[in-house]
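Side chains are part of it too, since the values below use all heavy atoms of this structure and drop only hydrogens, waters and symmetry mates.
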Amino acid sequence: MTGAKVPAAQNTLRILRFLASRKGPVAASSIATALELPRSSVYHLLAVMTEQGFVVHLPEERLYGLGIAAFELSSAYTRQDPMARLGEPLLRALVDAVGENAHLAVMHGRDVVYVVEERAPYKPSLVTNVGVRIPAHLTASGRSMLAGLPAAQVRALYPDRGSFASRWESTAITTPGQLRAELERTRERGWAVEEGGVTPNFASVAVAAHDHRGLPVAGVALTFLGHKIDDERRAELVGHVRRTAEGLTRRLHGAVPAGGG
């Protein structure tokens, strides 16, 4: 059933998303104007959401903000870890298909955090593991996501040289200019690459999965011994990674690929 057939549900979600995007509570009239909805409908929906705890009404200021029930949804998302649940079967299939180590990472500030690790049999161990954090600009998965972010957001994350300081010994990217150049190359290729910056002799290729807004929310990557993979084989690996990232994007949108669970 599409949103057009259930306008009340669609508009309720639009209002919640709008409130989540604001820095503070807003007036009902502002919601109606921004979303191009009748004021009467907005007040009715706000009343129901307030009654259910998803919205809080500040009567003295005549403003509305997110309620405790919305916070509980956010906490439930973290507890259920849906990104890992959605991504794990896809990465397992990826490893079965190519025989290389795969992982799924999400952005957390200027770091990536690994949420899924799938090891290929008889392949060397890696420094990455579930829960490990690594500076995003050093990793293929991080670069795949950074390349899809608005330029202003990347500048906010990496305003100066100090943003690149870390315990990881790498000189690959140490300035905002070098990062911009690498992200431009990533966008031109359509996939990200990292060569020996995290672990000597190892290389990674990655493609981002996107949310309903088209923004990158996770990076799907394969890691392998760089000197053992020629250009033709690397192109094959990139193709597999891209299809896996596209499959995760579909899952995030609620459309489970054929054969998926």
Under 3.5 Å, is there a donor-acceptor pair between the side chain of R187 and the main chain of A147?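 Indeed, once roles are kept as given, a pair shorter than 3.5 Å links the two residues.
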
Validate the cation-pi geometry between R155 and Y158: distance from NZ or CZ to the six-membered ring centre under 6.0 Å, angle to the ring axis within 45°. no

Under a 3.5 Å threshold, yes or no: a donor from one side chain and an acceptor from the other, between R143 and H137? no

Test item: [X] and [Y] side chains (from C-beta on) under 4.5 Å apart, heavy atoms:
X	Y	answer
M83	V106	yes
L104	L248	yes
L222	N101	no
L35	I15	yes
P176	L179	no
L16	V55	yes
L225	F202	yes

Is there a side-chain contact (heavy atoms from CB on, under 4.5 Å) between V98 and F224? Walk through the geometry before answering. CA-CA 11 Å; V98 303; F224 43 85; over 6 Å; no

Does [X] pair with [Y] as a salt bridge, N-O distance under 4.0 Å?
X	Y	answer
E182	R180	no
E246	R243	no
R234	E100	no

Set of residues satisfying side-chain contact (heavy atoms from CB on, under 4.5 Å) with respect to T175, sequence neighbours excluded: R161, Q178

Could I get the full list of side-chain contact (heavy atoms from CB on, under 4.5 Å) partners for A208, not counting sequence neighbours?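 Once residues adjacent in sequence are excluded, the partners of A208 under the side-chain contact (heavy atoms from CB on, under 4.5 Å) criterion are S144, M145, H210, P216.
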
Nearest-0.5 Å distance, CZ of residue R133 to CG of residue D111: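 If I round to the nearest 0.5 Å, the distance is 4.5 Å.
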
Any idea which heavy atoms bring [X] and [Y] closest together, and the distance?
X	Y	value
A209	L252	CB-CD1, 4.4 Å
L215	P150	CD2-CD, 4.3 Å
A136	L146	CB-CD1, 4.2 Å
A105	V112	CB-CB, 4.0 Å

Please name all residues satisfying salt bridge (Lys or Arg N to Asp or Glu O under 4.0 Å) with E88, sequence neighbours left out, ordered by chain then number.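 Result, salt bridge (Lys or Arg N to Asp or Glu O under 4.0 Å) vs E88: R92.
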
Parallel under 30°, tilted from 30 to 60°, perpendicular over 60°: which one fits the rings of Y64 and Y43? perpendicular

Examine V241 and V115 and state if one hydrophobic cluster contains both, with Ile, Leu, Val, Met, Phe, Trp and Tyr joined whenever side-chain heavy atoms are less than 4.5 Å apart. yes

Steps toward side-chain contact (heavy atoms from CB on, under 4.5 Å) verdict (H212, R17): CA-CA 12 Å; H212 64 282; R17 187 173 294 135; 3.5 Å; yes

Applying the side-chain contact (heavy atoms from CB on, under 4.5 Å) criterion to V220, which one of L94, T249, V116, V207 satisfies it?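 The side-chain contact (heavy atoms from CB on, under 4.5 Å) with V220 is passed solely by L94 among L94, T249, V116, V207.
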
Just do the side-chain contact (heavy atoms from CB on, under 4.5 Å) check on V113 and V132 with the steps written out, would you? CA-CA 6 Å; V113 179; V132 169; over 6 Å; no

